[in-house]
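Below: the structure, in structure tokens.
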Amino acid sequence: MEKHELWQAALAKIEMDLSRPSFLTWFQDTGIMETDGGVATVFVPNNFAKEWLQNKYHKSILHALREISSDIKEINYVIAKTENVKKQAFSKDSVLKKKKISTISASGLDDPSVMKDLIVDPETNLNPRYTFDNFVVGSFNELAYAAAQSIIKNLGTSYNPLFIYGGVGLGKTHLIQAIGNEVLKNNNSLKVRYVPSEKFMGEIVDALRNQEMGKLREKYRTIDLLIMDDVQFIARTEKMQEEFFHTFNSLYEKNKQIIISSDRPPQSIATLEERLKSRFQGGMIADVGLPDFETRLLILKTKIGNKNISIPEEVLIFISESTKTNIRELEGNLNRVIMASNLSNTPINIDVAKKIISTNQNDSKKFISVKKILKCVSEFYDIEEKEFLNRSRKKDVVKPRQIAMYLMREELKISFPSIGERFGGRDHTTAIHSCEKIGQELKINSELEEEIRAIKDKIFSC
Ligand code: ADP
Ligand code: MG
């Protein structure tokens, strides 16, 4: 196999374990220079990417390459400019083009919002689809909503920063982008910038590569409203935290508004530096919880409000009852039911809905595995998976290990002896003790509850 093909095949595997922005950030302009004597030489564009690949992705890269070519035993990372090794490189543009096409063709539905999704203002990064007009407020998000309204009225002087956290698909991105859109609607001379933290990292990587850090800093420090989405990802590297810290301070001192979202509260982001934690805690922290049945029904009705379709009430009730923990999934199930009836040319009815939704739910259950639990728990607490197996009694390791055991028991119903076995041959009583301990602790410790909820989100979504 050619070097180029080998790398493309490996990337296809690596990509499955990463979010799209991470993948694009860390793997653009990479390639294989040569394979010789079991050593694959992978070139990367700069030192920063080199360190990152070595420290964080080495295992996945090696694993992916070895699955394709078992001769490879080692990887050597070198810095090289793509111009010099152009042919083998994986370039961001080609992937983006592909992605755009697949987004459109996969949508299936004749839904204008799908097209609208693609129109994002490059300056503000805001998606016009996210507004308050189509945002449903209920007891699950009313605190976050109220804080958002207060900020819109008193930019920079009411709550700063505003920190919103909550599980996957519960409307954090929608809410914080709606704030941005609303602020601009009121005053379009303001500089608003929405940025997912992974994109922020990508910008820093690019700036470092092109020696344009000064320009990037300048760009961020003249903003009136900075909205940073999914901030938990910046906690993965010191360089990002450092850059963000300085940007944060510079805006904060000038009374510029900062809004941050995360999948968990600041104190639960294990590797977040103290100085950032305390900055985040200095403002307003609001959580977004789970919508109740009535709210879910209302959300569905809002979603179909602007589509020209009639859906029987019992179908909407059924969808609301069967999709409890994620608004994105709620919408997804609605769209799936509509699509199925379109395809089969039959009116939407409860039987179709039941069929579609039950198969879909079995699918997501099927994908949990011991491997995923170990991977997600270790990533969440930023420890090495092998630490689960050793005898370490360090608190940093003991708790994640107990949580991993707990999740295997709860989610996969694995027997206690077999759980013990998987954790370096521990006794079944250790497994019982761990599961009981976490179970007990969960009743009184809401922080732990948040953490486990975030980990489960990760397990179900990856
Ligand atoms: P998160 O950022 O918390 O993962 P998103 O903001 O991406 O979640 O929301 C997922 C989907 O659910 C989006 O399509 C969004 O428009 C929709 N959604 C979330 N919350 C609401 C809400 N309160 N009202 C209407 N739609 C919502
Ligand atoms: Mg989001």
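Everything numeric in this text was worked out from a predicted model, so none of it was measured.
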- Message: Test of understanding: with ring-ring contact (aromatic ring centres under 6.0 Å, His included), list the residues that count as partners of Tyr77, not counting sequence neighbours.
- Response: His58
- Within 45° of the six-membered ring axis of Phe380 and under 6.0 Å from that ring's centre, is NZ or CZ of Arg264 located there? yes
- Query: With sequence neighbours excluded, what pairs up with Ala270 under the side-chain contact (heavy atoms from CB on, under 4.5 Å) test?
  - Reply: none
- Considering residues at least two apart in sequence or located in another chain, which fulfil the side-chain hydrogen bond (donor to acceptor under 3.5 Å, both in side chains) criterion with Glu441? Asn445
- Note on the structure: Those residues at least two apart in sequence (or on a different chain) that pass salt bridge (charged side-chain N to carboxylate O under 4.0 Å, His left out) with Asp382 are Lys56
- Is there a donor-acceptor contact under 3.5 Å linking the side chains of Asn160 and Gln257? yes
- Message: Going by the rule ring-ring contact (aromatic ring centres under 6.0 Å, His included), which residues pair with Tyr220 if we only count those two or more places apart in sequence or in a different chain?
- Response: Phe200
- Query: Among all residues two or more places apart in sequence or in another chain, which pass the salt bridge (charged side-chain N to carboxylate O under 4.0 Å, His left out) test with Lys59?
  - Reply: none
- Query: In chain order, what residues pass the salt bridge (charged side-chain N to carboxylate O under 4.0 Å, His left out) check against Glu274, with sequence neighbours excluded?
  - Reply: Lys277
- Message: Using the salt bridge (charged side-chain N to carboxylate O under 4.0 Å, His left out) definition, which of the options Lys303, Arg296, Arg336 pairs with Glu331?
- Response: Lys303
- Task: Mind checking side-chain hydrogen bond (donor to acceptor under 3.5 Å, both in side chains) for Tyr194 and listing every partner two or more places apart, or none if nothing turns up?
- Result: Asp229
- Is the shortest distance from a Lys or Arg side-chain nitrogen in Arg453 or Glu449 to a carboxylate oxygen in the other one below 4.0 Å? no
- Query: Under the side-chain contact (heavy atoms from CB on, under 4.5 Å) test, which residues partner Asn46, sequence neighbours left out?
  - Reply: Phe48, Ala49, Val205, Arg209
- Query: Partners of Phe140 by ring-ring contact (aromatic ring centres under 6.0 Å, His included), sequence neighbours excluded?
  - Reply: none
- Note on the structure: Across all chains, not counting sequence neighbours, the salt bridge (charged side-chain N to carboxylate O under 4.0 Å, His left out) partners of Glu51 are none
- Query: Roughly how far, to the nearest 0.5 Å, is the CD1 atom of Ile258 from the OG1 atom of Thr247?
  - Reply: 9.0 Å
- Message: If the condition is ring-ring contact (aromatic ring centres under 6.0 Å, His included), which residues does Phe163 pass it with, not counting sequence neighbours?
- Response: Phe280
